[in-house]
Amino acid sequence: MKMVVQVKLLPSAEQAPRLLATLRTCNKGADLASRVAFDKREFSRFGLQKLVYAELKSMGLGAQATIRSIKKVVDAYGTLHAHIKAGNLGRPGSKQRLKAESKPVQFRPDAAQPYDDRLLSWQYDQRTVSIWTTAGRLKGVRFVGHPDHLHRLAEHRQGETDLVHRDGTFYLLATCEVPEDEPNENPSGFTGVDLGIVNIATTSTGAGTVAGDSTGSASRCGTCARSCRRNAPSPPGAL
């Protein structure tokens, strides 16, 4: 089971500006890649990489950071196209859909940036990370978090981590692959409720409520409410 663990970074006064400058450069590169993807209608990772890799590297991004930025763009278009296909942005020709389809995806200057293990390494015992920036690698950047989250991070972290800047504070959002617990076949001390359509609610004790029961109760309550409104006296001063 995938879970995301958030920890707070505590960069020094010298480290923080480098992290922010890195986000801005990465998102500037992502905007460039997004415009190319939109103009060329090239939304595959490898196809877009051929078009923009050299230019993004010339902006100060390392090889791996360039690849991560391109993947961020491809993922953003994948999400957009999925929403369009599902009809979440309206029907063809609707104002919201036309707006989404008429321009490239844009990234905020401090939008989150994905990091992989080549760009970010963790020192769990020291509670520090070593992280790539456009000004060179920063070592010994401290982080803090909830004890349970820190334990889960050390035991189960896998995959990418996002560097996030929110309200003047930096965070790392790490993906963890946590094994699922075995189901409890004999629970005690609480009652489980399974919600459905025909059977509105069925408890683990065997009791159930069918749709007809609740529909009838709702109908009686509605009839009573309408009757009360008809027979209620008018407030003083009402015409």
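The closest donor-acceptor contact from the side chain of Tyr77 to the backbone of Val105 lies under 3.5 Å. One N or O on the side chain of Ser94 and one on the backbone of Arg91 form a donor-acceptor pair closer than 3.5 Å. Between the side chain of Lys72 and the backbone N or O of Ala112 there is at least one donor-acceptor pair closer than 3.5 Å. A donor-acceptor contact shorter than 3.5 Å is absent between the side chain of Asp31 and the backbone of Ser34. Checked by atom type and distance alone, the side chain of Thr175 never pairs as donor or acceptor with a backbone atom of Val4 at under 3.5 Å.
Side chains of Thr66 and Gln64: no donor on one and acceptor on the other come within 3.5 Å. Ser69 and Gln113 share a donor-acceptor pair across their side chains, judged by distance under 3.5 Å alone.
Counting heavy atoms of neighbouring residues, nucleotides and ligands inside a 6.0 Å radius, atom CZ of Arg142 does not exceed 12 of them. Counting heavy-atom neighbours within 6.0 Å of His151 NE2, excluding the residue itself, gives a total of 12 or less. Within 6.0 Å of CZ in Arg41 there are more than 12 heavy atoms belonging to other residues, nucleotides or ligands. By the 6.0 Å contact criterion, CZ on Arg118 is open, its count of non-hydrogen atoms from other residues, nucleotides or ligands being 12 or less. Few gaps surround CZ on Arg97; more than 12 heavy atoms of other groups in view lie less than 6.0 Å from it. Residue Glu55 qualifies as open at atom CD: its count of foreign heavy atoms under 6.0 Å is 12 or below. At most 12 heavy atoms of other shown residues, nucleotides or ligands fall within 6.0 angstrom of atom CG in Asp181.
Ring pair His146/His149 is tilted by interplanar angle, where 30° to 60° counts as tilted.
Residues Glu160 and Arg68 are paired through a salt bridge, judged by an N-O separation under 4.0 Å between the basic side chain and the carboxylate.
The CZ atom of Phe46 sits 8.5 Å away from atom CD1 of Ile67, with the distance rounded to the nearest 0.5 Å.
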Point to revise | Glu14 and Arg18: CA distance, side-chain angles, deciding distance, salt bridge (charged side-chain N to carboxylate O under 4.0 Å, His left out) verdict | key: CA-CA 7 Å; Glu14 293 181 356; Arg18 295 183 183 183; 5.4 Å; no

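Phe170 has its side chain within reach of Leu163: a pair of non-hydrogen atoms, C-beta onward, lies under 4.5 Å apart.
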